[in-house]
Amino acid sequence: KIVWLRIMDTNHTVAASPTLDTVRVDQIYIQQVTQAIPPGSNIILPSTPGAVTAIDADYQDADIYADVVVGTANGKIYKLVGYPGGLQAPTGVFYPAAGGVGGTITGIKLANISSAYLGLEIAFSYASSMRIIPGTGSSTTIVITTQTTTAAINTLAAGNVDGTGFDDVVVGPANPG
């Protein structure tokens with residue numbers, strides 16, 4: 001195994017007689033993690049997920065490793081947690097634990113919607129509804145909010161639209177009227 005150490009010159013000065021600097025290290029900690037899902041691998045979702053219809057990635061739990069949320073045609077949400085070795089394969093459905101939400105997931109987004117929960121929330125759309133759930137934990141049944149429209153929702157996006165510092169969710173219905 002090869003280990004690289006990155007040394008940075010933080011004062012950015014050049015000595016009058018350029019020579020090589022000496023670096024002394026008295027302790028190095030190296031942790032080896034087995035990759036559950038190595039880059040480039042096919043990801044098998046458990047529990048008859050149906051086709052993947054929506055996907056998003058962001059730092060849900062603020063641990064510097066990107067997490068992925070997946071919505072499927074069977075109305076199921078899966079969360080793949082990032083860690084130093086890649087992504088951890090889900091062991092089950094993140095939301096809901098049984099049955100699905102009653103329609104194909106048409107959009108999904110990790111977003112900073114409130115400060116009520118640690119990490120980012122998961123906003124997703126299905127049929128004519130948009131739902132927000134906490135993104136924490138291994139499984140959740142807490143629904144923060146469910147909003148409905150008069151038409152089927154084709155797309156979902158999130159961002160700080162109104163400048164409050166929190167993300168807003170925007171949906172695009174099939175027939176905007």
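By convention here, the first residue in the shown sequence is residue 1.
Checking side-chain atoms of Asp67 against main-chain N and O of Gly82 turns up a donor-acceptor pair under 3.5 Å. In terms of modelled atom types and a separation under 3.5 Å, the side chain of Ser125 and the main chain of Gly107 share a donor-acceptor contact. Judged by distance alone, the side chain of Asp168 and the main-chain N or O of Asp162 form a donor-acceptor pair under 3.5 Å. A donor-acceptor pair under 3.5 Å is formed between the side chain of Thr53 and the backbone N or O of Ile105.
Atoms CG and CG, on Asp63 and Asp61 in that order, are 3.5 Å from each other to the nearest 0.5 Å. One distance of note links CD of Gln60 with OH of Tyr65; it measures 15.5 Å at 0.5 Å rounding. The CG atom of Asp58 lies 8.5 Å from the CG atom of Asp167; values are rounded to the nearest 0.5 Å.
In this structure, the side chains of Ser114 and Glu121 come closer than 4.5 Å at one or more pairs of heavy atoms. No side-chain heavy atom of Thr106 sits under 4.5 Å from any side-chain heavy atom of Phe124. Taking the side chain as every heavy atom from C-beta outward, Thr72 and Tyr78 approach each other to under 4.5 Å. Residues Ile108 and Val70 have side chains not in contact (no heavy-atom distance under 4.5 Å, counting atoms from C-beta outward).
There is a path of hydrophobic side-chain contacts, each under 4.5 Å, that joins Leu45 to Val93. By the criterion of side-chain heavy atoms lying less than 4.5 angstrom apart, applied directly or through intervening Ile, Leu, Val, Met, Phe, Trp or Tyr residues, Ile113 is not grouped with Val161; the two fall into different hydrophobic clusters. Cluster membership for Val81 and Tyr59, using ILVMFWY side-chain heavy atoms within less than 4.5 angstrom, is not shared.
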For a side chain to side chain contact (heavy atoms under 4.5 Å, CB included) check, start with the C-alpha distance between Val171 and Thr155, then their side-chain angles and the critical distance, and finish with the verdict. CA-CA 6 Å; Val171 296; Thr155 188; over 6 Å; no

When you look at Arg131 and Tyr95, which way does the side chain to side chain contact (heavy atoms under 4.5 Å, CB included) test go after all the steps? CA-CA 11 Å; Arg131 186 169 285 176; Tyr95 181 88; 2.9 Å; yes

Side chain to side chain contact (heavy atoms under 4.5 Å, CB included) between Ile55 and Val68, worked out: CA-CA 7 Å; Ile55 190 168; Val68 176; 3.7 Å; yes

Intermediate values then yes/no, side chain to side chain contact (heavy atoms under 4.5 Å, CB included), Lys109 and Val169: CA-CA 9 Å; Lys109 192 74 177 155; Val169 179; over 6 Å; no

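Side-chain atoms of Ser129 and Gln147 form no donor-acceptor pair, as typed in the model, at a separation below 3.5 Å.
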